[in-house]
Amino acid sequence: MQFDDRLATVLRHRASGDRAARTQFRQLLDLLGSRRNIKDRKLLASAWLRLGALGEIIPAADRAAMVADAGLRIRNPELAVHLAEDEPAVAAAALSRAEISSDDWEALIPRLPVRARGFLRLRRDLPPQTTDLLERLGIQDRGLPNPASAEKQVQQPDSPDGLARGGSNVTPIRSTPLPANDIPLELSEEEVLEEDTEIGALVKRIEAFRKARVSAPDKTDAPRLPLGEQIADTDQQVSAFAFTADARGRIDWADQPIAPMVIGTVLDRDKLGPAIKFRQPIRDEVLELAGAPKISGKWVVDAAPQFTQPEGRFFGYAGMFRRAPDDISNITDPPASSEADRLRQLLHELKTPVNAIQGFSEVIQQQLFGPTPHEYRALAANIAGDSARMLAGFDELDRLAKLETGALDLEMGEADFAAIVAAQIEQLGRVLAPRTAAFEFAWTGAGPSAGYVPLDQKEAETLAWRLLATLAGAIGAGESIPVGFAPQDRMLGLHIDLPASLAATDDIFAATAKPGKAAVSAGMFGAGFSLRLARAEARSAGGDLMRVDDSIVLTLPLLTAAGSESSQTADGAAN
């Protein structure tokens with residue numbers, strides 16, 4: 001499975017010039033015109049807003065030419081509606097290029113402006129159901145009549161009252177439709193005559209409708225105007241809508257069905273005032289709207305600040321309103337996890353350029369594009385190494401954020417934690433020997449299975465190394481650190497005396513001192529961060545990591561090894 005991030009890639013670039021604006025406008029037409037499910041509603045809303053902003057920069061004639069390009073496919077009804085509300089040339093080109101199903105046409109046509117519906121008269125490839133709908137709406141002749149035949153039809157109407165089918169005294173005549181780019185924007189004499197007679201028929205329908213309403217105001221089955229529009233359920237609430245607001249926080253645009261109800265509404269300055277003042281993003285803010293039943297109630301608002309290009313002047317917000325759930329306690333009082341989520345989003349943004357830097361440096365170092373001087377290869381190798389360390393640090397930050405918010409659980413399994421610790425202490429002993437420092441390991445477990453924990457082997461090794469390497473990096477010359485295991489109360493306890501440098505710290509989980517370059521280290525953010533991450537991993541496994549006086553104690557739940565007695569039985573036999 002491949003992840004399609006083309007829309008996000010296009011929006012990531014700023015159209016700083018006329019040529020870039022035209023290129024991005026065409027790219028957005030291609031991506032939004034294709035029919036695909038884009039689950040990221042914020043990304044989709046940003047795309048529509050960017051398309052509208054670019055449309056204000058590019059002249060209408062140029063936009064119409066891009067829309068009419070034979071290489072463009074408009075299979076998304078929403079794009080057809082969006083372009084139909086544009087200038088006549090753009091609307092005509094869009095409706096002549098739209099390739100959608102009959103069901104989509106049935107839902108789309110009532111939403112089109114009356115002027116835009118007329119452009120469909122020139123389409124000869126519409127489904128029969130669509131043609132019937134256009135006839136019910138009064139859009140009948142989809143081609144220009146022959147002038148001589150039209151004059152004859154005017155002189156000889158086909159009905160006693162002089163009105164042809166559909167309220168017009170000009171019968172549609174088979175003719176050759178004009179190309180999409182040659183759609184006339186002015187009516188001929190025959191069309192003017194037809195439009196006047198249709199207006200007269202419409203006036204009669206409106207008068208009949210008014211009389212029916214007056215005579216039966218309380219009847220729900222009173223006749224309605226036969227205009228083809230679907231009657232919306234006025235009691236149905238809206239679940240979400242997009243919006244934009246100006247620099248003062250006043251809503252100046254919203255999705256078409258909601259626009260009359262919310263345009264002019266000022267966002268709550270008590271809650272959003274600081275964000276608007278400092279041009280900050282709005283995330284998960286709960287606001288209450290009052291007004292029509294469709295919009296009244298509590299909403300969750302997400303919006304991003306908008307700036308002009310290239311001046312960088314703040315001109316408002318663009319975002320989404322979504323209906324708040326019944327239980328909004330977790331939203332009205334944002335949990336600490338919101339900060340972790342923001343951190344994870346920031347890390348995702350930081351990883352992209354660092355990955356690119358690492359990739360280019362490896363290309364130079366490996367001479368993939370041709371011979372490179374050794375000096376540059378050495379510099380590229382250093383950059384690649386620094387990038388790798390940065391990415392490793394980002395992974396640690398992301399891991400801590402996920403563990404503390406419950407978004408990540410350690411993989412369960414079976415591992416002999418006592419054996420893992422013993423092996424790693426032996427490895428660290430070789431590193432500490434030149435400083436005459438060491439870990440003094442003592443195992444007091446009963447039986448060969450007393451050190452098993454319900455963790456995957458790799459997860460257990462990572463946790464043990466993170467703790468031991470962090471403490472090894474803080475050990476001073478000549479220090480000897482006791483390490484001991486003691487199973488108790490179905491838990492495995494690992495007790496390690498703190499090195500002097502950490503024992504003097506009030507909060508070892510906030511220690512900022514970083515080890516020297518030659519020291520063993522479990523991470524790039526210092527001992528405090530590494531111990532905090534180890535604590536989060538231990539808690540995820542059902543244990544904990546805490547300081548007890550001048551020692552640090554790691555506890556993990558015990559697990560019986562395969563084929564051996566349970567821990568309780570083994571303890572009883574030992575006693």
Side-chain angles (χ1 to χ4, degrees), residues 3 5 8-9 12-14 340 342-403 408 423-437 439 458-459 461-477 479 499 501-502 505 508-534 536-537:
F3 178 70
D5 62 345
T9 302
R12 192 176 297 119
H13 297 284
R14 296 295 179 184
R342 294 176 187 176
L343 174 62
R344 290 166 56 191
Q345 294 175 3
L346 174 62
L347 291 175
H348 178 73
E349 296 296 330
L350 291 175
K351 285 181 179 180
T352 301
V354 176
N355 271 316
I357 293 172
Q358 183 186 33
F360 282 120
S361 60
E362 290 177 349
V363 166
I364 296 173
Q365 196 272 333
Q366 299 175 18
Q367 303 184 94
L368 297 181
F369 291 162
T372 306
H374 293 299
E375 181 181 359
Y376 290 141
R377 292 183 62 195
L379 291 174
N382 290 335
I383 294 174
D386 292 340
S387 300
R389 282 189 289 272
M390 292 177 65
L391 291 174
F394 293 159
D395 288 340
E396 289 185 349
L397 288 170
D398 185 57
R399 183 177 176 86
L400 178 59
K402 289 180 178 179
L403 286 171
L408 174 67
Q424 292 184 359
I425 286 179
E426 183 179 356
Q427 293 176 343
L428 290 171
R430 305 188 189 100
V431 180
L432 297 175
R435 290 187 285 160
T436 64
F439 284 110
K458 184 177 179 180
E459 298 278 19
E461 290 175 352
T462 300
L463 173 57
W465 177 258
R466 195 182 310 282
L467 176 59
L468 293 173
T470 300
L471 297 178
I475 293 177
E479 278 194 275
S501 60
L502 289 179
T505 304
I508 60 173
F509 296 101
T512 57
K514 297 182 181 179
K517 293 183 179 180
V520 178
S521 172
M524 60 181 293
F525 299 111
F529 176 85
S530 296
L531 292 176
R532 183 180 171 187
L533 179 53
E537 291 172 334

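Numbers for residues simply follow the sequence, beginning at 1. Because the structure is predicted, anything quoted here is derived from the model rather than measured.
Nearest heavy-atom pair across Ala527 and Leu502 is CB-CD2, 4.1 Å. Closest heavy-atom contact between Leu432 and Ala472: CD2-O, 4.0 Å. When all heavy atoms are compared, the tightest approach of Thr436 to Ala477 is OG1-C, 4.3 Å. Across every non-hydrogen atom of Leu468 and Phe439, the tightest pair is O-CZ, 3.9 Å. Between Leu531 and Ile508, the closest heavy-atom pair is CD1-O, 3.8 Å. Pairing each heavy atom of Ala474 with each of Pro499, the nearest pair is O-CB, 3.5 Å.
Remark: Glu461 engages Ile420, Gln424, Gln457 in a side chain to side chain contact (heavy atoms under 4.5 Å, CB included) (not counting sequence neighbours). Listed by chain and residue number, nothing satisfies the salt bridge (charged side-chain N to carboxylate O under 4.0 Å, His left out) test with Lys458 (two or more places apart in sequence, or in another chain). Scored by the side chain to side chain contact (heavy atoms under 4.5 Å, CB included) test, Ser387 finds Val354, Ile357, Gln358, Ile383 as partners (sequence neighbours excluded). Taking Arg389 as the reference, Asp386 meet the salt bridge (charged side-chain N to carboxylate O under 4.0 Å, His left out) condition, with sequence neighbours excluded.
Distance check, rounded to the nearest 0.5 Å: OH of Tyr376 to CD of Gln365 gives 15.5 Å. Taken to the nearest 0.5 Å, the CG atom of Leu400 stands 12.5 Å off from the CG atom of Asp395. Taking CG from Leu467 and CD from Glu537, the interatomic distance works out to 10.0 Å, rounded to the nearest 0.5 Å. Separating the OG1 atom in Thr470 from the CZ atom in Arg532 is a distance of 14.5 Å, to the nearest 0.5 Å.
Ionic pairing of Asp398 and Lys402 is present here: one or more N-O contacts between side-chain nitrogen and carboxylate oxygen are shorter than 4.0 angstrom. Glu459 and Arg466 are not joined by a salt bridge, as no carboxylate oxygen comes within less than 4.0 angstrom of a charged side-chain nitrogen. A salt bridge is defined here as a Lys NZ or Arg NE, NH1 or NH2 lying under 4.0 Å from an Asp or Glu carboxylate O, and Glu479 with Arg435 fails to meet this definition.
Looking at heavy atoms from C-beta onward, Lys351 lies out of side-chain contact with Met390 at the 4.5 angstrom threshold. Annotation: side chain of Leu533 is in contact with side chain of Leu403 (closest heavy-atom distance under 4.5 Å).
Judged as a salt bridge (charged side-chain N to carboxylate O under 4.0 Å, His left out), not a single pair has a partner in residues 352-363 (not counting sequence neighbours). Applying the salt bridge (charged side-chain N to carboxylate O under 4.0 Å, His left out) definition to pairs two or more places apart or across chains, none involves residues 370-380.
Within the 3.5 Å criterion, the main-chain N or O of Thr372 finds a donor-acceptor partner in the side chain of Gln367.
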**OP:** Just do the side chain to side chain contact (heavy atoms under 4.5 Å, CB included) check on Phe525 and Leu397 with the steps written out, would you?
**Re:** CA-CA 9 Å; Phe525 299 111; Leu397 288 170; 3.7 Å; yes

Subject >> Residue pair Phe360, Asn355: steps toward the side chain to side chain contact (heavy atoms under 4.5 Å, CB included) verdict >> reply: CA-CA 9 Å; Phe360 282 120; Asn355 271 316; over 6 Å; no

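Other residues, nucleotides and ligands contribute over 12 non-hydrogen atoms within 6.0 Å of the CZ atom of Phe509.
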